[in-house]
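Counting starts at 1 for both ligands and their atoms, following the listed order.
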Amino acid sequence: MALRLAPSVLNADLANLAEQVAAVGDAADWVHLDVMDGHFVPNLTFGPPVVAALRRHNDAFFDCHLMVSDPVALLPALAEARVQLVSMHVEALDDPGRALAAAADHDVRAGLALRPRTPLDAVLPWLDRLDLVLPMTVEPGFGGQAFMADQLPKIAAARRAIDATGRAVALEVDGGVNAETIDACRRAGADVFVVGSAIFEAEDPGAAAKRFKERLRHAPR
Ligand code: DX5
Ligand code: ZN
């Protein structure tokens with residue numbers, strides 16, 4: 001199982017988005033794009049038009065984390081921007097099955113994300129249809145928050161549930177992941193690591209991303 005690095009541009013210089021993404025290019029397995037609507041979370045970032053504009057500069061794997069009240073409504077435009085994967089918050093979905101079907105209709109891989117307080121049980125019925133599970137390790141909405149170590153048992157439980165399916169479901173961790181916390185996430189069973197401020201608030205984001213990537217490459221299995 002390869003360990004993937006997904007730099008999050010939330011705390012990057014968003015006025016130079018294409019350059020910032022290019023700077024981490026070699027080290028980024030996925031580019032993590034935090035779409036927020038000012039309703040599901042109190043912050044407002046960018047939506048499909050900006051993702052589509054970024055796509056014109058970059059061919060990377062776009063991992064779109066949708067912190068919005070109606071993620072299904074965004075799927076057509078995100079598919080048009082050739083987003084490869086969307087994570088929808090299970091708390092935002094009345095009918096996760098319908099949302100997963102809509103993603104499949106648009107040929108976009110689908111994950112379900114959970115707020116820290118949402119029990120893992122909320123996504124377990126859908127595991128056999130998911131490409132990714134994302135248990136958040138901060139309250140979604142802002143970068144640069146402290147990692148919630150009390151979420152590690154949930155990540156470990158997600159790993160056990162995924163392994164029991166025998167399916168290749170990615171287990172992504174997002175929020176406060178940095179040089180101090182990434183190993184605990186890996187030991188708990190995460191295999192996709194979203195790193196925001198620890199990369200983009202570093203002196204040299206490209207070098208910081210490379211250090212995280214090397215660390216994952218040499219991590220014990
Ligand atoms: C928070 C976002 C994260 C955030 C991570 O709601 O989903 O992706 O950008 O940033 P750091 O790594 O700074 O916690
Ligand atoms: Zn995110």
Quiz item: Is any NZ, NE, NH1 or NH2 atom of the basic residue among Glu214 and Arg217 found under 4.0 Å from an Asp or Glu carboxylate oxygen of the other?
Solution: yes
Exercise. Consider only side-chain heavy atoms of I, L, V, M, F, W and Y, link residues closer than 4.5 Å, and tell whether Val24 and Phe46 are in one cluster.
Key: yes
Practice problem: Apply the side-chain contact (heavy atoms from CB on, under 4.5 Å) test between Val133 and each candidate in Val173, Leu114, Ile155; give the one that qualifies. | Solution: Leu114
Self-check item: Under 3.5 Å: N/O of Gly176 near N/O of ligand 1
Solution: yes
Quiz item: What's the atom name of the N, O or S in Asp34 nearest to the Zn ion (ligand 2)?
Solution: OD1
Quiz item: What about Gly175: any of its N or O atoms under 3.5 Å from an N or O on ligand 1?
Solution: no
Exercise. Could you grab the distance from atom CD of Glu139 to atom CE of Met67, nearest 0.5 Å is fine?
Key: 11.5 Å
Practice problem: Have a look at His65 and say which of its N, O or S atoms is nearest the Zn ion (ligand 2). | Solution: ND1
Exercise. Number the atoms of ligand 1 from 1 as they appear, then name those within less than 4.0 Å of a heavy atom of Met67, with their elements.
Key: 6 (O), 7 (O)
Quiz item: Is the number of heavy atoms from other residues, nucleotides or ligands under 6.0 Å of Asp128 CG greater than 12?
Solution: yes
Self-check item: Nearest-0.5 Å distance, CG of residue Leu152 to CZ of residue Arg187
Solution: 9.0 Å
Practice problem: For Arg129, look at atom CZ and say whether over 12 heavy atoms of other residues, nucleotides or ligands are found less than 6.0 Å away. | Solution: yes
Quiz item: For ligand 1, which atoms have a heavy atom of Gly144 less than 4.0 angstrom away?
Solution: 11 (P), 13 (O), 14 (O)
Practice problem: Give a yes/no verdict on whether any heavy atom in Met136 is under 4.0 Å from an atom of ligand 1. | Solution: yes
Quiz item: Quick one: which ligand 1 atoms are inside 4.0 Å of a heavy atom on Leu10?
Solution: 4 (C), 9 (O)
Exercise. Before signing off on this row, confirm whether Gly196 and ligand 1 have an N or O atom pair separated by under 3.5 Å.
Key: yes
Quiz prompt | For Val194, the ligand 1 atoms whose distance to one of its heavy atoms is below 4.0 Å | solution = 8 (O)
Self-check item: Asp183/Arg215 salt bridge by N-O under 4.0 Å criterion
Solution: yes
Quiz item: How far is atom 1 (C) of ligand 1 from its nearest protein heavy atom, and which residue and atom name does that atom have?
Solution: Phe142 O, 3.5 Å
Quiz item: Only one of Val51, Leu54, Asn58 clears side-chain contact (heavy atoms from CB on, under 4.5 Å) with Leu17; which?
Solution: Leu54
Exercise. May I ask you to identify the nearest protein heavy atom to atom 13 (O) of ligand 1, giving residue, atom name and distance to one decimal place in Å?
Key: Ser197 OG, 2.5 Å
Quiz prompt | Nearest-neighbour protein heavy atom for atom 8 (O) of ligand 1, which is reported as residue plus atom name and distance | solution = Asp174 OD1, 2.7 Å
Quiz item: With respect to the Zn ion (ligand 2), what is the nearest N, O or S atom of Asp174?
Solution: OD2
Exercise. Please work out whether any backbone atom (N, CA, C, O) or any side-chain heavy atom from C-beta onward of Ser8 is under 4.0 Å from ligand 1, and answer side chain, backbone, both or neither.
Key: side chain
Practice problem: Can you sort out which atoms of ligand 1 are near His32, meaning under 4.0 Å from one of its heavy atoms? | Solution: 8 (O)
Practice problem: Establish, from distance only, whether the side-chain atoms of Asn11 and Glu201 form a donor-acceptor pair under 3.5 Å. | Solution: yes
Practice problem: Please identify which atoms of ligand 1 are closer than 4.0 Å to at least one heavy atom of Gly141. | Solution: 1 (C), 6 (O)
Quiz item: In terms of hydrophobic clustering (I, L, V, M, F, W, Y; side-chain heavy atoms under 4.5 Å; direct or indirect links), are Val177 and Val138 co-clustered?
Solution: no
Self-check item: Proximal ligand 1 atoms for His65, defined as those under 4.0 Å from one of its heavy atoms
Solution: 7 (O)
Quiz item: Any side-chain heavy atom of Asp174 within less than 4.5 Å of one from His32?
Solution: yes
Quiz item: N/O to N/O below 3.5 Å, does that happen between Glu139 and ligand 1?
Solution: no
Quiz prompt | For atom 2 (C) of ligand 1, the protein heavy atom that lies nearest, with its residue and separation | solution = Asp34 OD1, 3.5 Å
Quiz item: Does one hydrophobic cluster hold both Leu5 and Leu10, with members joined at side-chain heavy-atom distances below 4.5 Å?
Solution: no
Exercise. Within a distance under 4.0 Å of any heavy atom of Gly143, pick out the atoms of ligand 1 and give their elements.
Key: 10 (O), 13 (O)
